[in-house]
Amino acid sequence: MEDLNIVVRERLEKAAELERQDVALYPNGYEVADRIKYLLANSAAKKAEELEADQTAYTIAGRVLSVRSFGKSIFMHIVDSDAKIQIYVQKNLLGEPSYSLARRIDIGDIIRVGGSLFRTKTDELTLAVKDFVLLTKNLRPLPEKFHGLKDIELRYRQRYVDLMVNEQVRETFRKRARIISSIRGFFTERDFLEVETPMMHAIAGGAAAKPFKTHHNALDMDLYLRIAPELYLKRLLVGGFERVFEVNRNFRNEGVSTKHNPEFTMVEFYQAYATYRDLMGLTEELFAQLCREVNEGKTSLEYQGDVIDFCAPWARYTFLEALTTIGDVPQEAVESLEGAVHCARSLGIGIERFEGHGKLLTKIFDLVVEPRLVQPTFIYQYPLEVSPLSRKTQGAPEFVDRFELFIAGREMANAFSELNDPRDQRERFELQLAAFQAGDEEAHQMDDDYIRALEYGMPPAAGEGIGIDRLVMLFTDSPSIRDVILFPQMRPEKKGL
RNA sequence: GGGCCGUUAACUCAGGAGGUAGAGUAUCUGCCUUUUAAGCAGAGAGUCGCCGGUUCGAAUCCAGCACGGCCCA
């Protein structure tokens with residue numbers, strides 16, 4: 001206790017003093033009938049005289065954000081989940097001992113107040129308090145009222161404080177909730193079934209990434225946190241659910257950056273009897289709906305200074321076209337492995353022994369094309385080598401029917417026509433196994449049960465995954481993925497609290 | 001993994017030619033019944049991230065470490 005700062009010590013003393021006067025510091029059971037946003041909405045248009053004649057009693061609760069105290073009256077602003085309002089506590093109106101309690105209230109306390117609305121001299125809608133209850137005592141000072149909480153480390157570590165004092169942070173997470181809700185609605189309306197598949201996998205499949213490893217004691221087996229739900233969702237296509245989707249977390253044991261958090265949220269969906277081309281159209285429709293529902297109907301938005309226009313149809317390039325026309329990659333690089341090696345070297349890209357032509361081209365793509373794809377752009381027909389679960393392109397067996405969507409220089413979605421030939425799938429897994437043995441740690445593992453499922457027959461289908469965090473970044477103009485994840489991953493604090 | 005930057009009061013930040021620290025907010029006391037970054041008067045509050053080194057003396061200079069940020073791989 002001795003290392004607590006003076007403000008906390010004083011609050012503890014004040015709390016003890018209030019308890020000696022029989023004031024409960026953490027009572028419950030006090031009903032709160034009204035919410036500030038509805039008070040504001042219902043009375044926004046009412047003039048001072050109308051309010052005076054009205055005198056309807058309201059009861060609201062919230063956290064005290066500011067206090068302006070006079071001898072026999074006090075102004076406070078309190079905030080609840082959605083909005084804030086000014087309250088006016090007058091000694092004559094409230095009476096003792098409540099007024100004495102109100103005088104002792106600290107910024108950060110949670111209170112319940114009852115009273116009627118009026119307008120101040122400056123025309124601000126204000127609640128005249130006739131009933132005042134302390135609901136929760138605050139023992140730690142809130143950040144400075146004008147600058148708020150700016151320290152990025154503190155904002156992430158103590159998100160609860162960040163949310164308390166930074167309204168735009170609350171708005172970002174409200175928007176995130178609306179986006180996810182809108183996505184669910186979009187798929188449900190189109191007859192997709194929302195499902196939950198395992199988060200713990202015996203084989204971490206469905207993507208190229210390093211997994212987190214854990215151990216189940218009772219079963220005495222190692223398990224991996226999933227890197228993608230793909231193989232389970234496709235087992236459901238085998239089972240007869242023709243349209244499924246899942247909104248959930250994936251875990252990848254890789255670097256942390258402004259675009260990567262070790263756990264991130266994806267919506268992944270599969271539609272039988274569709275192709276990747278159908279999903280391009282569906283993706284455009286999804287964004288159109290998101291614009292209507294969370295972007296106030298506007299079909300463009302500003303992201304970090306770039307104006308992004310979602311009007312369909314979006315630009316489409318094949319992977320190779322994009323390399324040569326957008327990335328200015330020389331023709332010989334797309335034509336031969338030697339050319340690609342030369343090109344990669346000239347760009348300073350490190351080359352691993354197990355990497356073939358297709359893999360090298362994707363690394364070149366990431367460097368010279370991806371950052372230039374600011375407007376929504378579909379890139380399709382990817383190299384087979386980097387797509388072990390996608391259907392081969394008819395007439396071009398080195399390529400697959402797959403696209404990725406790029407917006408603001410970032411990969412936003414990945415989709416393909418699903419490979420449903422179990423013989424081809426087994427060969428692909430064997431190729432991956434060879435890559436793994438050659439040193440590619442991210443190569444896909446053999447999944448015999450998945451092959452068995454395909455042998456029962458999976459209908460021709462297409463599937464897609466969309467990164468929700470990056471989507472939210474876009475719609476909230478957030479520069480870092482940590483701004484759209486409530487509790488981003490951090491190293492533990494060493495200092496005592 | 002590499003480079004650059006940051007870490008000073010609860011918060012936002014100054015200071016930094018080496019001589020043990022400042023402001024505003026917040027807090028405490030007093031005055032104040034329409035304020036809103038309320039006001040006025042006064043007060044308290046910091047092992048300057050940690051650990052070493054140089055020095056008579058380090059928040060300041062140097063090395064290492066921790067945490068964080070940005071960029072690169």
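Naming convention: chains lettered A, B, ... in sequence-line order (proteins, then strands); numbering from 1 in each chain. Computed from heavy atoms alone, side chains included, the values below leave out hydrogens, waters and symmetry copies.
Taking the P atom of each, B:rG49 and B:rA58 are spaced 15 Å apart, rounded to whole Å. Here, B:rU54 and B:rC61 have their C1' atoms 8 Å apart, quoted to the whole Å. Here the separation of B:rU8 from B:rU47, taken at their C1' atoms, is 12 Å to the nearest Å. Comparing B:rC48 with B:rA9, their P atoms sit 9 Å apart, to the nearest whole Å. Between B:rC40 and B:rA45, the distance separating the two P atoms is 23 Å to the nearest Å.
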Intra- and inter-strand pairs of RNA chain B in dot-bracket (Watson-Crick or G-U wobble, both distances under 3.5 Å; | for another strand): (((((((..((((.....[..)))).(((((.......))))).....((.((..]....)).))))))))).
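Of the two residues contacting RNA chain B, namely A:Pro143 and A:Phe146, the nearest-nucleotide position lying further toward the 5' end is that of A:Pro143.
For B:rU35, its base sits under 3.5 Å from the side chain of A:Gln86 at one donor and acceptor pair at least. For a distance-only test at 3.5 Å, the side chain of A:Asp151 fails to qualify as a donor-acceptor partner of the base of B:rU12.
Within 4.0 Å (heavy atoms only), A:Arg482 reaches sugar-phosphate atoms of the nucleic acid but no base atom. Among the atoms of the strands shown, only primed sugar atoms or phosphate atoms (P, OP1, OP2) are found under 4.0 Å from some heavy atom of A:Lys14. Contact annotation for A:Lys121: base contact, defined as any heavy-atom pair under 4.0 Å involving a base atom.
Atoms CZ (A:Phe118) and P (B:rU33) sit 15 Å apart, rounded to a whole Å. Nucleotide B:rU35 holds its C1' atom 16 Å from the CG atom of A:Leu65, rounded to whole Å.
The phosphate of B:rG39 (OP1 or OP2) has no side-chain N or O of A:Arg68 nearer than 4.0 angstrom. Checking the phosphate oxygens (OP1, OP2) of B:rC28, no side-chain nitrogen or oxygen of A:Arg11 falls inside 4.0 Å. Side-chain nitrogen and oxygen atoms of A:Arg140 include none within less than 4.0 Å of the OP1 or OP2 phosphate oxygen of B:rA10.
Here the straight-line distance linking atom CZ of A:Phe399 with atom CD of A:Glu385 works out to 11.0 Å at 0.5 Å rounding. The distance from atom OG1 of A:Thr59 to atom NZ of A:Lys130, rounded to the nearest 0.5 Å, is 10.5 Å.
In summary, A:Glu96 and A:Arg103 do not engage in a salt bridge, as defined by a charged side-chain N under 4.0 Å from a carboxylate O.
A cation-pi geometry, defined here as NZ or CZ lying under 6.0 Å from the six-membered ring centre and within 45° of its normal, holds between A:Arg402 and A:Tyr382.
What you find for A:Ala207 and A:Ile227 is that their closest heavy atoms are O-CD1, 3.3 Å.
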